[in-house]
Student: 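Got a structure for you, written out below as structure tokens; questions coming shortly.
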Number of protein chains: 2
Amino acid sequence: MVYGARNRTSAGETGRDAIVFAAADCFMQAGYDATSIDDVAARLNATKGRVYHYYRSKADLFFDVQRRGMEINLATLEPIALGPGDPLARLTAMCRSHLSVMMEYLNFQRVVMQGVEMHLAGATTPAQRRELARLMAERERYEGLFRKVLVEGRQAGLFAFANPSFASKAVLAVLNNPVLWFRRRDGDDAASRQAIIDEFTAFALNCVRAA
Amino acid sequence: MVYGARNRTSAGETGRDAIVFAAADCFMQAGYDATSIDDVAARLNATKGRVYHYYRSKADLFFDVQRRGMEINLATLEPIALGPGDPLARLTAMCRSHLSVMMEYLNFQRVVMQGVEMHLAGATTPAQRRELARLMAERERYEGLFRKVLVEGRQAGLFAFANPSFASKAVLAVLNNPVLWFRRRDGDDAASRQAIIDEFTAFALNCVRAA
DNA sequence: TCATGGACATACTACCGCGTATGTTGGCAG
DNA sequence: CTGCCAACATACGCGGTAGTATGTCCATGA
């Protein structure tokens with residue numbers, strides 16, 4: 001390999017960004033454990049050196065992918081959840097937005113879901129534990145946005161459920177489901193994507209809608 | 001270790017069974033990759049020798065855990081799905097039964113869910129590929145039970161949805177959700193468990209119920 | 001009572017993948 | 001022109017783990 005191949009990937013993808021995107025793809029395809037740092041580097045036509053220049057460990061990289069995913073989610077959903085409109089209208093908009101983001105940033109979202117189930121047994125360093133706590137807090141905050149709107153809607157007589165926490169979990173379960181099976185290029189006309197958004201939004205709303 | 005410690009765990013847990021149960025626990029706690037064969041053996045107060053005496057590879061063991069889980073699921077749900085009663089009554093019973101089984105056999109169910117997301121990239125041997133195909137077929141069959149009842153209910157005007165496949169996925173997404181956060185000993189009075197069954201059954205039914 | 005095989009334990013190998021220590025280069029600042 | 005540093009590449013060391021080869025014990029039947 002010629003040392004001088006210093007091609008800053010023309011587009012704005014600065015060092016860290018390119019690595020996070022590559023890592024998101026790898027983690028999505030193979031999962032955390034099955035993805036090696038060499039895999040991530042290979043996807044960049046680079047070597048471990050490049051990755052470890054920006055990240056101190058594999059776990060740190062994994063955390064950063066999740067952080068980016070949650071940043072996107074919160075940035076798009078918070079304005080809607082805290083914005084104007086009656087609870088039903090807001091929840092509808094939240095569902096549509098959530099589904100749209102999920103399918104757009106599929107790789108990041110799948111990594112986020114992996115992180116939820118994993119707890120990453122043994123986050124050794126204190127820094128890692130702190131980062132993990134932050135991620136959990138952001139997830140909790142995201143779910144809290146749904147809970148808030150749901151409770152408001154229940155007081156308005158629009159929704160019906162006993163336990164707000166259960167309700168938010170059920171709604172998110174429905175909304176996250178397409179992440180498990182949706183694939184780009186799978187008849188990816190905007191039409192089919194729109195059909196998924198429409199139908200799963202309806203499912204999610206029906207879950208909690210009052211009779 | 002004294003060689004003579006041949007204590008056949010009094011109860012009927014024959015060789016294979018004890019291993020599958022231990023493996024289910026380990027895989028549930030730590031996931032597939034993070035679980036070593038030594039971990040499984042340690043949980044049995046035994047060594048790798050015992051595991052490899054019954055299973056030819058780690059993947060085979062993982063498959064067997066999934067197989068047992070799916071066996072339980074199909075055995076309990078098929079009679080209900082194909083039994084008598086109108087579609088709404090049957091779907092209700094299916095939801096309650098599914099939730100009940102999930103919480104009862106939590107460890108197996110979490111392993112099954114892992115298997116769904118994993119595809120176990122690179123099932124090397126043909127035998128493993130065949131076993132994997134069988135598992136996928138059983139999962140498909142299980143989901144098919146829901147689809148069947150859903151379509152029947154739609155024809156009867158009880159349910160409303162566009163795509164039967166989407167509908168079954170949404171229902172199962174709701175029903176499987178408790179597996180992600182439910183823990184034994186977490187205020188495990190039959191009462192709280194019953195509350196979960198009641199509420200998530202309602203969520204699942206509402207998803208697809210006609211207005 | 002002796003041989004045989006099932007049910008494990010022990011000891012070992014081979015490999016992979018993380019992290020690190022050390023090069024190598026180009027692009028700045030002065 | 002020179003020194004310095006960021007941005008990588010290269011080359012290991014080292015631990016952990018899957019799988020194997022072999023040893024040991026017990027039960028059973030002939």
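In what follows, chains are A, B, ... by sequence order, proteins preceding strands, each numbered from 1. Just the heavy atoms: all of them, side chains too, but no hydrogens, waters or symmetry mates, feed the values below.
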Student: Determine whether a donor-acceptor pair (one donor, one acceptor, N or O, separation below 3.5 Å) exists between the side chain of B/K48 and the base of C/dA9.
Tutor: no
Student: Mapping A/G49 and A/D33 onto DNA chain C by nearest heavy atom, which one lands closer to the 5' end?
Tutor: A/D33
Student: Expressed in angstrom and rounded to an integer, what is the separation of B/D60 atom CG from D/dG19 atom P?
Tutor: 9 Å
Student: At less than 4.0 Å, is any side-chain N or O atom of B/H53 found next to OP1 or OP2 of C/dA7? Yes or no.
Tutor: yes
Student: To the nearest Å, how far apart are A/Y32 OH and C/dG17 P?
Tutor: 14 Å
Student: Would you check, one step at a time, whether the test ring pair (Phe, Tyr, Trp, His ring centres under 6.0 Å) holds for B/F161 with B/F166?
Tutor: CA-CA 8 Å; B/F161 51 83; B/F166 289 178; over 10 Å; no
Student: Quick one: the side chain of A/K58 and the base of C/dG17, do they pair up donor-acceptor inside 3.5 Å?
Tutor: no
Student: Please check this pair: side chain of B/Q114 against backbone of B/F27, looking for a donor-acceptor N/O pair closer than 3.5 Å.
Tutor: yes
Student: Regarding A/K58 and the six-membered ring of A/Y32, is the cationic atom NZ or CZ under 6.0 Å from the ring centre and inside 45° of its axis?
Tutor: yes
Student: Is the phosphate of D/dG19, meaning OP1 or OP2, less than 4.0 Å from a side-chain N or O of B/Y55?
Tutor: no
Student: To the nearest Å, how far apart are B/I37 CD1 and D/dG16 P?
Tutor: 17 Å
Student: A cation-pi test, strictly: NZ or CZ of B/R193 under 6.0 Å from the centre of the six-membered ring of B/F182 and no more than 45 degrees from its axis. Yes or no?
Tutor: no
Student: Applying a 4.0 Å non-hydrogen cut-off, can you work out what B/Y52 is touching in the nucleic acid: base, sugar-phosphate, or nothing?
Tutor: base
Student: Counting any heavy atom closer than 4.0 Å, what does A/S36 reach on the DNA or RNA strands: base, sugar-phosphate only, or nothing?
Tutor: sugar-phosphate
Student: Starting at atom CG of A/D39, determine the distance to atom C1' of C/dC16, rounded to an integer number of angstrom.
Tutor: 11 Å
Student: Could you state the CG-P distance from B/L61 to D/dT17, rounded to the nearest angstrom?
Tutor: 16 Å
Student: Using the ring of A/F21 (Phe, Tyr or Trp, six-membered ring only), decide whether A/R16 places NZ or CZ under 6.0 Å from its centre and within 45 degrees of its axis.
Tutor: no
Student: I need the CZ-P distance between A/R50 and D/dT10, as an integer number of Å.
Tutor: 13 Å
Student: Tell me: CG of B/D38 to P of D/dG15, nearest whole Å?
Tutor: 17 Å
